[in-house]
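Heads up, the thing below is written out as structure tokens.
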Protein chains: 2
Amino acid sequence: MEREPSPQRWPIDEEDVSGEVRTVPPGRALLSSAMVGSANRGRVLQTLFDLGPTSRAELARLAGVNRTTISGIVQPLLDQQVLVEGDPIRPSEAGGKPARPLWFSPDARPICGMMLMPDAVHTCLVTLAGTISAEHSVAFPTENPKIVEIERAIELCTSRTLASARREPLGIGVAVGGMVDTDRRAIIAVNLAPVLNGFQLGDMLTKRYGLPALLDHHPRALLVGDRWFGKGRGMQNFAAVYTGEVLGGALYLGGHLYRGRSGAGGELGHTFVQVDGEICSCGRRGCWETIATVGWLRRQARAIGIDAPDEINSRRLVALAGAGVPGARDLLDLYARNVAVGIANLQQTVAPNFYVLHGDVVGGGEIMAEAIAGHVRALVPSRSGGEISFAIGETEDRAALLGAAGLVLSELLQFPL
Amino acid sequence: MEREPSPQRWPIDEEDVSGEVRTVPPGRALLSSAMVGSANRGRVLQTLFDLGPTSRAELARLAGVNRTTISGIVQPLLDQQVLVEGDPIRPSEAGGKPARPLWFSPDARPICGMMLMPDAVHTCLVTLAGTISAEHSVAFPTENPKIVEIERAIELCTSRTLASARREPLGIGVAVGGMVDTDRRAIIAVNLAPVLNGFQLGDMLTKRYGLPALLDHHPRALLVGDRWFGKGRGMQNFAAVYTGEVLGGALYLGGHLYRGRSGAGGELGHTFVQVDGEICSCGRRGCWETIATVGWLRRQARAIGIDAPDEINSRRLVALAGAGVPGARDLLDLYARNVAVGIANLQQTVAPNFYVLHGDVVGGGEIMAEAIAGHVRALVPSRSGGEISFAIGETEDRAALLGAAGLVLSELLQFPL
DNA sequence: ACTTGTTAGTATGAGGCTCGCACAAACATT
DNA sequence: AATGTTTGTGCGAGCCTCATACTAACAAGT
């Protein structure tokens with residue numbers, strides 16, 4: 001009945017997360033028994049995330065493996081207080097020993113989530129169960145901040161949050177409102193804060209706090225948040241689409257976050273939907289972004305004479321349409337169609353079949369989502385692989401912070417195969 | 001010095017190929033040591049495919065594993081005559097024992113490749129080294145053929161080809177000029193031969209010949225052929241784009257053929273590039289297919305008064321432009337731009353960074369490819385993840401047959417993780 | 001109260017796989 | 001002939017999963 005405490009630690013592969021150089025090209029590397037252990041531990045934890053508290057026996061059934069295998073995987077995690085056994089649940093009428101559901105311990109090491117925007121930084125702690133605590137934010141100096149000032153603000157904010165952690169966090173995940181070099185864990189460019197361009201935030205955080213740090217750009221973080229803590233939970237394929245002042249997206253394909261070469265995938269805003277259409281901020285014509293952002297919405301609202309056109313957004317538009325304001329209903333429909341066009345293209349290209357909507361359209365609620373869904377279904381030839389469904393994401397800040405934390409989780413769970 | 005002949009057989013997982021029902025959902029299944037063996041064997045063979053004849057020591061270095069590991073993987077394959085040792089190659093100046101390069105044995109089991117078009121069936125044998133032999137084709141009855149007649153034609157053609165095989169083939173791969181249900185290994189619809197709709201070709205072949213049979217649609221087969229035997233060799237990410245009377249494509253992402261839900265991915269022809277543009281055969285407006293197929297080319301050629309506009313294609317267009325025929329140069333440029341628009345969208349969405357062109361544009365040669373490449377590079381914002389490169393695929397029939405065979409290879413090598 | 005049937009979780013030994021180490025074989029160089 | 005280098009092969013260790021057997025804990029029927 002006595003067990004030797006296993007020497008395995010979770011995560012075993014912290015070095016990988018902190019950005020070690022990979023010498024063997026991916027796809028050529030072979031597997032070893034040790035990797036099997038890591039990978040299987042990741043999959044078990046992922047299943048636990050997807051399903052909520054679950055007994056060992058149930059996990060074994062779902063994974064199609066022996067119960068002893070699950071016990072072997074799970075026991076070290078219990079020893080390290082990553083997981084805890086819940087109260088026994090009553091067996092079915094058939095009888096049997098009551099199952100002890102496993103779930104993430106509140107005492108497990110948390111994750112630090114960070115959202116870096118052009119004007120401020122937000123940080124928080126996220127438990128493995130997805131609860132947020134220790135939220136802090138620090139604004140940057142308004143006029144032409146210097147990089148050292150921003151660095152100080154980030155450090156201040158992070159230190160406050162980390163001070164609240166009872167155990168050392170598993171890592172720091174950062175959602176950046178701009179272009180990111182995921183491999184080098186550095187910022188490439190933030191449009192509204194060019195001083196951040198080239199900032200090696202990942203290295204700075206790792207050096208300062210001794211924690212693995214991962215960066216990715218905002219839409220990708222939203223997707224990851226959806227995958228672990230939101231509407232994308234348990235999904236194998238889906239896409240996140242963000243609309244607002246700009247338009248972005250991210251893809252989860254075949255059970256993995258898809259980044260593309262140098263993380264260049266998901267630049268949906270600048271796909272063409274109108275050859276020789278309106279000129280876009282990128283200098284090209286007819287980008288999706290020219291017809292499916294609030295900028296377009298403002299211009300149209302002004303053109304048809306809606307009150308305060310500069311303050312229009314999905315929330316107000318739905319309200320106006322509901323109130324019977326002339327033209328509002330048609331504008332809502334056209335806006336929904338414009339958003340739907342790009343989603344239809346995405347569906348035809350990679351067929352994720354499930355979309356989580358973020359950003360401005362969230363304010364439009366179910367009405368907006370249904371309008372978009374209807375247009376997408378009309379725009380995609382019917383057979384293309386089953387039902388297409390839609391969901392509305394979390395509120396903006398929450399989604400980004402959960403997503404930032406999810407970046408760390410993804411690395412820990414999705415052992416690269 | 002004596003070895004026990006290993007009991008392992010390649011392929012071990014034939015049952016999987018022949019379409020067994022998967023009970024554990026993908027992504028939840030755990031790995032076992034036996035799977036590690038299969039997966040590693042697949043990766044070693046894949047590396048061999050990518051690099052050509054290679055010694056064990058070199059394979060070990062590339063994979064980052066111990067030499068003994070490679071020996072253990074490779075020895076059973078030598079015993080089974082899947083591989084053979086080549087002549088020793090001279091060591092470098094540093095000296096050392098001469099390496100014995102490994103390569104696929106000409107006596108290895110071949111693969112049967114089949115191309116099923118609306119009017120005929122073609123079959124052949126393909127060795128693991130990519131050489132084609134025993135080609136046969138049988139035309140279907142011209143006017144309203146019955147399904148039994150088609151079935152007989154397929155059987156006749158296949159039997160002739162299989163009769164030439166010295167060893168039992170590893171399987172039959174089929175490239176279908178129409179929609180395919182990859183999971184059920186059945187044909188969904190072939191536009192010009194509706195009698196084929198719903199035909200369970202995979203089951204028929206497996207039952208008749210006792211071989212694993214795999215179906216996929218034509219563009220996907222082209223991509224797979226490129227991956228194993230053509231320009232996509234060794235690539236981890238690339239796309240195949242087929243233009244002609246219709247427009248299709250396929251994606252190889254992260255070292256895997258990407259199919260999407262129910263194989264609905266890659267339906268590029270009906271992505272929107274011109275909202276409210278010309279009406280498409282699918283009933284919608286502004287599909288990419290409306291501006292980047294030979295149908296569009298014919299209409300334009302007629303409009304600007306080019307001779308025999310109904311026989312225009314890329315090959316002739318390039319020739320006309322070279323001969324200085326008025327308008328030809330501009331038309332070529334516009335056609336290239338139209339093709340490039342869709343490729344640019346694909347690049348922005350999944351960023352494969354490498355494209356193999358198939359179909360009509362192959363006739364236009366390097367001139368056509370360069371014209372398309374130039375437009376794509378101009379249409380994609382510069383930073384998006386490095387160079388974008390292009391290649392011209394094999395001639396049409398050869399590409400499809402190699403691709404069909406490649407479908408079987410993909411299943412055998414890409415052990416599902 | 002006792003037996004039977006069922007399910008949960010654990011201990012143990014077997015089998016697969018990769019790894020590190022040691023060793024023989026086959027070359028180049030000095 | 002001696003030395004250094006590289007290739008490929010045994011061998012035992014370590015990690016992992018699996019099948020089997022066992023204990024623990026419950027329900028239901030007698």
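Every chain is numbered from 1 and lettered A, B, ... according to where its sequence line falls, protein lines coming before strand lines. As a basis for the values below, the full set of heavy atoms in this structure was taken, side chains included, without hydrogen atoms, waters or symmetry mates.
- Here the side chain of B:N40 pairs a donor or acceptor atom with the backbone of A:L31 at under 3.5 angstrom.
- Nucleic acid contact for B:S32: sugar-phosphate only, since backbone atoms but no base atoms lie under 4.0 Å from a heavy atom of the residue.
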Atom pairs and distances, donor-acceptor, side-chain atoms in residues 86-95 of chain B, under 3.5 Å, two or more places apart:
from, atom 1, to, atom 2, distance (Å)
B:S92, OG, B:A94, N, 3.3

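- Counting all heavy atoms, side chain and backbone alike, B:E168 lies closest to B:G210 at OE2-O, 4.4 Å.
- Whole-Å rounding puts the A:R100 CZ to C:dA8 P distance at 14 Å.
- Close to C:dC19, at under 4.0 Å from its OP1 or OP2, lies a side-chain N or O of B:T69.
- B:R67 pairs by the salt bridge (charged side-chain N to carboxylate O under 4.0 Å, His left out) definition with nothing, not counting sequence neighbours.
- Considering only the side chain of B:A99, D:dT7 comes nearest among D:dT7, C:dT18, C:dT10.
- We find that CZ of B:R41 is positioned 13 Å from P of C:dG16, with the value rounded to whole Å.
- In this structure, the CD atom of A:Q75 is 14 Å from the P atom of D:dT17, given to the nearest Å.
- Between A:N40 and A:R67, it is A:N40 whose nearest contact on DNA chain D lies nearer the 5' terminus.
- Closest approach to the B:T68 side chain among C:dC19, C:dA11, C:dG9 is made by C:dC19 (side chain taken as heavy atoms from C-beta onward).
- A sub-4.0 Å separation between OP1 or OP2 of D:dT9 and a side-chain N or O of B:S71 is present.
- Relative to the side chain of B:S33, the nucleotides C:dG15, D:dG8, D:dA25 differ in distance, and C:dG15 lies closest.
- Neither OP1 nor OP2 of C:dT18 sits under 4.0 Å from any side-chain N or O of B:N66.
- Taking the salt bridge (charged side-chain N to carboxylate O under 4.0 Å, His left out) definition, one finds that B:D226 meets it with nothing, sequence neighbours left out.
- Nucleotide C:dG16 holds its P atom 22 Å from the CE atom of A:M35, rounded to whole Å.
- Side chain of B:R61, nearest nucleotide from D:dT7, D:dC16, D:dT9: D:dT7.
- B:Y258 is linked by a ring-ring contact (aromatic ring centres under 6.0 Å, His included) to nothing, counting only residues two or more places apart in sequence or in another chain.
- Between A:L31 atom CG and C:dT18 atom C1' the separation is 11 Å, expressed in whole Å.
- Across the protein-nucleic acid pair, A:I70 atom CD1 and D:dA19 atom P stand 13 Å apart, rounded to whole Å.
- Scanning for salt bridge (charged side-chain N to carboxylate O under 4.0 Å, His left out) contacts around A:D107 gives A:R166, with sequence neighbours left out.
- Judged by closest nucleotide on DNA chain C, A:P98 is the one of B:G37 and A:P98 placed further toward the 5' end.
- Here the C1' atom of nucleotide C:dC17 and the CZ atom of B:R43 are 15 Å apart, to the nearest Å.
- Considering only residues two or more places apart in sequence or on other chains, A:Y252 meets the ring-ring contact (aromatic ring centres under 6.0 Å, His included) condition with A:F238.
- Counting any heavy atom pair closer than 4.0 Å across all strands shown, B:S55 reaches sugar-phosphate atoms only and no base atom.
- For residues 37-57 of chain A, the pairs satisfying ring pair (Phe, Tyr, Trp, His ring centres under 6.0 Å) are A:F49-A:F104, A:F49-A:W228, with sequence neighbours left out.
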For nucleotides 1-3 of chain D, list the nitrogen or oxygen atoms of the protein found under 3.5 Å from its nitrogen or oxygen atoms, one pair per line.
none

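- Taking atom CG on B:D87 and atom P on D:dT7, their separation rounds to 17 Å, with Å as the unit.
- The nearest heavy atom of DNA chain D to A:V36 and to A:P88 marks one nucleotide each, and the one closer to the 5' end goes with A:V36.
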Quick test: give all pairs of protein nitrogen or oxygen and nucleotides 28-30 of chain C nitrogen or oxygen below 3.5 Å, distance rounded to 0.1 Å.
from, atom 1, to, atom 2, distance (Å)
C:dA28, OP1, B:R90, NH2, 3.1
C:dA28, O3', B:E93, O, 3.2

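- Nearest approach of A:L102 to A:L48, heavy atoms of both residues: O-CD1, 3.8 Å.
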